[in-house]
Amino acid sequence: MRAEVAVVDGKNPDRGIIEKAGQILKNGGLVAFPTETVYGLGGNALDPEASIKIYAAKGRPSDNPLIVHIAEMGSLEKIAADIPEKARILAGKYWPGPLTMILPKAAIVPGETTGGLDSVAVRFPSDPVAQALIRAAGGFVAAPSANTSGRPSPTRAEHVEEDLGDAIDMILDGGPVGIGLESTIVDFTEKVPVVLRPGYISLEMLEETLGEVRMDRGLLITDENIRPKAPGMKYRHYAPAADLSVVEGPQEKVIAFINQRAKEAAEAGGRTGIIATDETAGRYEEGIVRSIGSREEEEGIARHLYEVLRNFDSDQVSEIYSEAFYTPKMGQAIMNRLLKAAGHKVIHIPEEEEK
Ligand code: AMP
Ligand code: MG
């Protein structure tokens, strides 16, 4: 069956539609909905069968736990067995918002939802549609990103339809999302809080509120023996169909290098995709060039990343080259996703030619 797509006002969603979607979740069905980060694929988090359905719809490995979404501060006590003071402080500062916290789970959270772990990931999103749906569903909605596992996360309802239109019951279309990258995940099950996934809320912002915060070693080092602690971060992810490489170095040299590769590909009858910026897009001579936005506006780069990656899938390019985007605030999160999409294929062009 094809999912029903219901267009809702992103700020003030229609009650009737939300009630209907909430009822689907209460009955064990699946509904995709917008959040401020990316679109989520929701199921009742306290219903093991609903979680099993989420894994099946996405083709997601079942050891990759789901984030439980709540819509009231008080709900946290019901699903977390222990809430350290620092977690309360951080929630007070950034909830509702793009922050997920890992805490010891309470007994009511089924192992199917947490991928068998005894901890649970919790987030209180700020998006009004998400909040209304969570309340209508009874307060606890498990929701990974609403994409087929491995593909770029959806930032518009159309992306969800493309991937999951045949696998779920309903899609709430609240328009394009605001942030475009998944939430920052902070693990509170160790003494010092650990960032398991970078996001809009940066390490610096966390340190300002919490003092010492560490980055998960698995995020910093590309060593196969060091596994990221968030099970989901170990998979190749967010990836377009074509082979993607990130080219970093001085801007002029990066442009020249990509132009050379695109020219060689064209001569061999191939087609190259290029991820550029507003400032550089006009400098590329061959291939399909997509601007991710202006380097002056890093939030736009974050918001457009997945859509640009996804759009190359319909262009039949054989390879994609992307500039690097080490922007001041969100650069860590943007490059984390881009490098994962590239399977960590980076071409580094040195400042000076080595002699
Ligand atoms: P997604 O739902 O697609 O945004 O992915 C959720 C991310 O949160 C994945 O990388 C999971 O591995 C991670 N995650 C969820 N629950 C836990 C947990 N209890 N401990 C560590 N990581 C978690
Ligand atoms: Mg995901």
Side-chain angles (χ1 to χ4, degrees), residues 30 32-43 45 50-51 53-55 57-70 76 79-83 87 97-106 109-125 127 130 134 140-155 159-160 163-164 177 179-190 193-201 214-219 227-239 305-306 309-310 333 336-337 340-341:
L30 303 184
F33 60 96
T35 81
E36 67 275 27
T37 58
V38 299
Y39 270 75
L41 172 58
S51 292
K53 277 195 200 169
I54 291 178
Y55 288 109
K58 281 179 63 80
R60 175 169 171 131
S62 61
D63 70 343
N64 186 2
L66 309 175
I67 295 175
V68 179
H69 291 67
I70 58 175
L76 180 59
I79 52 168
D82 174 45
I83 307 166
L99 166 73
T100 296
M101 303 199 298
I102 310 286
L103 298 163
K105 85 173 186 71
V109 185
E112 283 79 0
T113 300
T114 64
L117 298 175
D118 51 17
S119 56
V120 61
V122 192
R123 178 162 108 82
F124 181 172
D127 184 280
I134 295 162
F140 303 95
V141 173
S145 49
N147 51 294
T148 299
S149 199
R151 287 205 79 195
S153 298
T155 55
H159 302 161
V160 180
D163 283 12
L164 303 177
V177 300
I179 294 177
L181 296 182
E182 299 83 351
S183 57
T184 304
I185 302 181
V186 185
D187 180 5
F188 283 97
T189 64
E190 291 179 38
V194 184
V195 176
L196 304 189
R197 178 171 74 185
Y200 176 83
I201 299 170
R214 292 193 295 110
M215 287 294 274
D216 183 23
R217 263 163 58 78
L219 287 178
R227 286 262 157 127
K229 191 172 173 194
M233 299 300 280
K234 69 175 182 266
Y235 298 106
R236 178 161 186 257
H237 219 141
Y238 319 121
L305 175 64
Y306 289 138
L309 291 173
R310 190 175 270 270
N336 168 266
R337 305 307 193 281
K340 278 177 78 66

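In each ligand, atom 1 is the first atom listed, and ligand 1 is the first ligand listed. Side chains included, hydrogens not; waters and symmetry mates left out as well; all remaining heavy atoms used.
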Considering only non-hydrogen protein atoms, determine which one is nearest to atom 18 (C) of ligand 1 and report residue, atom name and distance to 0.1 Å.
Ile102 CD1, 3.5 Å

Which of the atoms in ligand 1, numbered in the order shown and given with their element, are less than 4.0 Å from a heavy-atom of Ile185?
7 (C), 8 (O), 13 (C)

Distance under 4.0 Å to a non-hydrogen atom of Ile67: what atoms of ligand 1 satisfy this?
6 (C)

Have a look at Val194 and tell me which of Thr189, Asp216, Val186, Leu219 forms a side-chain contact (heavy atoms from CB on, under 4.5 Å) with it.
Asp216

Any ion pair linking Arg123 and Glu182 (charged N to carboxylate O, less than 4.0 Å)?
no

Could an N or O of ligand 1 be found under 3.5 Å from any N or O of Arg197, whether backbone or side chain?
yes

Numbered atoms and elements of ligand 1 in range of Ala230, under 4.0 angstrom, heavy atoms:
10 (O), 12 (O), 13 (C), 21 (C), 22 (N)

the protein heavy atom lying closest to atom 2 (O) of ligand 1 turns out to be Pro144 CA, 3.0 Å

Among Val109, Leu66, Ile102, Ile67, whose side-chain contact (heavy atoms from CB on, under 4.5 Å) with Val120 holds?
Val109

Protein heavy-atom partner closest to atom 12 (O) of ligand 1 - residue, atom, separation in Å
Gly232 N, 2.6 Å

Taking the basic N atoms (NZ, or NE/NH1/NH2) and the acidic carboxylate oxygens, is any pair closer than 4.0 Å for Glu112 and Lys53?
no

Taking 2.8 Å as the cut-off, does Ser145 contribute an N, O or S atom near the Mg ion (ligand 2), distance below it?
yes

I need the Tyr306 OH to Thr155 OG1 distance, nearest 0.5 Å.
9.5 Å

So the atoms of ligand 1 within less than 4.0 Å of a heavy atom of Ser119 turn out to be 18 (C), 19 (N), 20 (N)

Lys229 side-chain N/O to Leu196 backbone N/O, donor-acceptor pair under 3.5 Å
no

What is the nearest protein non-hydrogen atom to atom 14 (N) of ligand 1, stated with its residue, atom name and distance?
Pro65 CG, 3.7 Å

Contact region, Thr114 to ligand 1, non-hydrogen atoms below 4.0 Å, reads neither

Show which atoms of ligand 1 fall inside a sub-4.0 Å distance from at least one heavy-atom site of Asn64.
9 (C), 11 (C), 12 (O)

Heavy-atom nearest neighbour of atom 1 (P) of ligand 1 within options Arg60, Glu182, Lys58, Met101
Arg60

Would you mind checking if Asp163 and Arg310 are paired as a salt bridge, meaning a charged N to carboxylate O distance below 4.0 Å?
yes

Can you find a heavy atom in the side chain of Val195 that is under 4.5 Å from one in the side chain of Ile185?
no

Using a distance-only test with no angle check, is there a side-chain donor-acceptor pair under 3.5 angstrom linking Ser51 and Thr113?
yes

Out of all atoms in ligand 1, which are within 4.0 Å of some heavy atom of Leu117? Include the element for each.
18 (C), 19 (N), 20 (N)

